[in-house]
Amino acid sequence: MKLLFNRVFDGVDEMYALAEETLNNTVADLGESAPLNMPNTGYFLANHLAYLAKKIITLGDLKAAFPEVKAWMPHGNRLADVFKSGFGTFLAAEVIEACKYVRSPEPYGTDYHGHLSDAEVRELGVPLVTGDLPGFVVIIGPAPSDKEAVELIKGYQSRAIFVFLIGGIIDQAKRMNLNMGFPVRVVPVGPDIWCVSHIISFVNRAAMIFGAVQPGDREELDQYTFQRIRAFVNAFDPVTDIVVGAGAGAIAMGFPVITNDTKDMWRVPKSLIIQENSHDFIETSLEARDIKIKVTKIDIPVAFSTAFEGEIIRRNDMQVDIDGSRMDCFELVQTRESSEIEDHSIELIGPDIDSVKPGSRFALGYIVEVAGKNMQSDFESVFERRFHNFLNCVEGVMHTGQRDLIRIRVSKTAFEAGFRAKHIGEVLYAKVKNDYESVVDKCQVKIYTIPEQLKELRVAANKVYDARDARLVSLTDENVSIFYNCILCQSFSPAHVCIVTPERLGLCGAVSWLDAKATNELDPNGPCQVVTKERVIDENVGIWEDVNEAVKQGSHGSLEQVSLYSIMQDPMTSCGCFECICGIEPMTGGVVIVNREHTGMTPLGMTFSEMASMTGGGVQTPGFMGHGKHFIASKKFMKADGGSARIVWMPKALKELVYPRLNKTAQELYGLENFTDLIADETIAEDVETLATYLSEKNHPVLSMEPLI
Ligand code: SF4
Ligand code: ZN
């Protein structure tokens with residue numbers, strides 16, 4: 001039997017030879033000056049950046065770095081040589097893949113996913129942090145049969161494990177009509193083993209974005225991937241030398257490899273595991289990487305998993321469309337006395353969804369009633385906002401919107417499996433009880449479907465929403481006595497702390513002051529702790545001695561001071577999952593804000609990804625700051641630096657989202673009417689000269705402000 005070392009080195013050599021040939025051919029065809037831009041990333045070729053600290057931007061750069069790839073493939077007889085060679089394989093693989101992207105920005109069309117954008121890396125970061133995504137698997141196939149391929153993928157999906165596919169298993173999944181794509185967390189990366197470089201690129205960017213790992217710092221990088229990234233590999237028989245070579249790299253990163261190939265294969269405890277029965281891959285893998293899956297048992301006829309959160313149900317596939325924009329629909333949480341609630345009662349008042357023809361609109365509203373000694377009415381809206389996530393986890397159900405503008409689609413497949421109105425109640429009951437067990441003792445759900453009754457209930461629900469909004473408006477940083485911190489993202493971004501105040505939500509957009517309060521009361525030792533604000537240093541800039549102490553403690557000493565209302569002076573740090581970034585534009589003295597969804601250019605000459613690469617990792621970068629969308633209309637937005645009147649550019653879609661509240665704020669603070677109209681967007685300017693012209697045409701308030709720097 002060939003020694004494992006030799007299998008690795010043969011595989012490594014094979015990858016190197018292919019990379020060399022591909023590179024030489026590409027250079028011969030396109031020349032060394034051909035630009036090399038991987039799409040939508042600020043991290044160049046992320047594996048080259050992470051391992052070699054090299055920013056590759058042309059084919060010539062790639063060629064110049066190529067001897068170093070060879071140097072990363074030492075054929076010595078120490079384990080360290082094997083591991084290093086594994087990384088070398090990833091570099092060589094990246095060379096092969098990069099050459100495809102020099103020839104075309106979309107070399108894979110719609111067949112395969114290929115390169116992941118920075119936005120996708122960040123999107124994965126959030127659920128990895130919260131544990132909604134317990135880990136990810138790279139499956140290298142084909143599986144023994146199409147059926148087994150899909151069983152394995154679905155098995156991971158139902159455990160909320162993110163799935164990357166490489167090779168023949170992708171064709172198997174296609175033949176079985178499996179729904180694939182980033183939103184359903186099954187990504188067909190590419191047909192060949194060198195496509196693995198895209199996954200390693202994702203991992204390396206996660207380390208640089210969330211962990212602030214510096215390019216070239218291999219020790220930190222290894223530590224980060226080993227401790228923070230819960231990944232593993234499933235490789236189906238036959239495992240070739242080149243796969244073994246890449247596998248050595250995976251193992252070096254702390255990702256165990258599980259295979260059913262018994263020929264010429266060696267066992268390495270905890271790292272290279274032979275599981276002859278591929279039906280047991282899932283259990284063996286989870287055990288090897290020490291991943292524990294939290295399951296909530298819910299009595300519904302379809303699967304429930306965060307893997308289905310991004311699923312989209314199209315018009316032709318839907319059984320019913322519960323559409324709050326056209327009919328009287330709503331969702332509401334109400335606190336009741338314990339005696340008024342029969343725990344786990346799910347009541348349907350009116351006809352069920354099978355009473356209408358497939359594809360019809362349907363009116364439906366529900367009230368989730370809860371009781372508990374520690375329940376507070378402030379938590380009602382916190383629970384209600386989670387309904388969106390809860391219902392989206394149901395396979396074949398899509399939920400959007402909130403309050404009386406909800407929209408719920410139930411797919412024909414889910415309906416045929418037996419999904420009915422009461423199952424909505426089952427899901428809400430189970431999740432509210434499970435996720436909020438320390439405040440909810442009893443819970444019942446009433447589902448209403450009679451149109452006349454819904455009309456009345458909707459009016460009543462609106463009174464509740466209005467009262468809550470009034471309470472929210474009355475909540476300001478001045479009139480509360482405490483703030484909260486949030487360190488949830490530390491599982492990924494070890495030095496980052498958010499300070500959450502009534503007027504400044506967490507930069508992920510998902511944690512408001514009320515959320516933080518609820519989280520703290522649900523779990524006093526959990527990720528949100530009380531931060532007092534008794535010793536004020538500068539209220540205008542937003543500096544408190546107690547807040548500084550909390551930040552210093554929360555960041556394990558890496559931060560001394562933050563100002564909550566400035567982006568110039570000790571701004572709040574960013575972990576990487578910010579919804580938006582704002583950055584100063586020196587020529588106009590204004591700030592540009594860009595949201596994650598916007599992939600185009602900004603007048604700063606940088607895309608979201610490029611700005612993000614300067615902002616993450618829990619470090620303070622004066623002039624740049626990550627923040628939530630709702631913070632834009634806050635009266636505390638950059639208050640110390642001139643406030644929202646500094647905003648000169650935002651993508652159009654973001655403007656449309658924030659304008660009602662932003663206009664109101666600008667009216668109240670500066671007496672400006674329709675302020676959002678003065679802000680440029682990508683349809684007006686993508687470069688600074690055009691932007692400046694627009695601002696002077698509109699007489700934008702920034703023109704009369706002091707320069708920022
Ligand atoms: Fe992460 Fe901050 Fe959001 Fe908490 S509030 S989850 S630390 S981004
Ligand atoms: Zn984060």
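What's counted below: heavy atoms across the whole structure, side chains too, no hydrogens, waters or symmetry copies. Just follow the structure's listing: the first ligand is 1, and inside any ligand the first atom is 1.
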Arg504 NZ/CZ over Phe631 ring centroid, <6.0 Å and within 45° of normal: yes

Geometric cation-pi criterion Arg289 and Phe226, 6.0 Å radius, 45° cone: yes

Output the list of atoms in ligand 1 that are nearer than 4.0 Å to some heavy atom of [X], sorted by atom number.
X      : value
Gly506 : 5 (S)
Leu507 : 8 (S)
Cys489 : 1 (Fe), 6 (S), 7 (S), 8 (S)
Cys575 : 8 (S)
Cys498 : 2 (Fe), 5 (S), 7 (S), 8 (S)

Heteroatom N/O/S of Cys508 within less than 2.8 Å of the Zn ion (ligand 2): no

N/O/S from Cys498 sitting under 2.8 Å away from the Zn ion (ligand 2): no

pair Phe136-Val163: side-chain heavy atoms closer than 4.5 Å: no

His198 vs Phe164 side-chain heavy atoms within contact, under 4.5 Å: no

Pairing of Arg385 and Glu331 as salt bridge, 4.0 angstrom limit: no

Close approach, Ala510 and ligand 1, non-hydrogen under 4.0 angstrom: no

Ring-ring centroid check Tyr43 Phe202, cutoff 6.0 Å: no

Verdict with supporting geometry, Phe255 and Val203, side-chain contact (heavy atoms from CB on, under 4.5 Å): CA-CA 11 Å; Phe255 308 158; Val203 170; 4.1 Å; yes

Angle subtended at the Zn ion (ligand 2) by Cys489 SG and Cys575 SG, rounded to 10 degrees: 120°

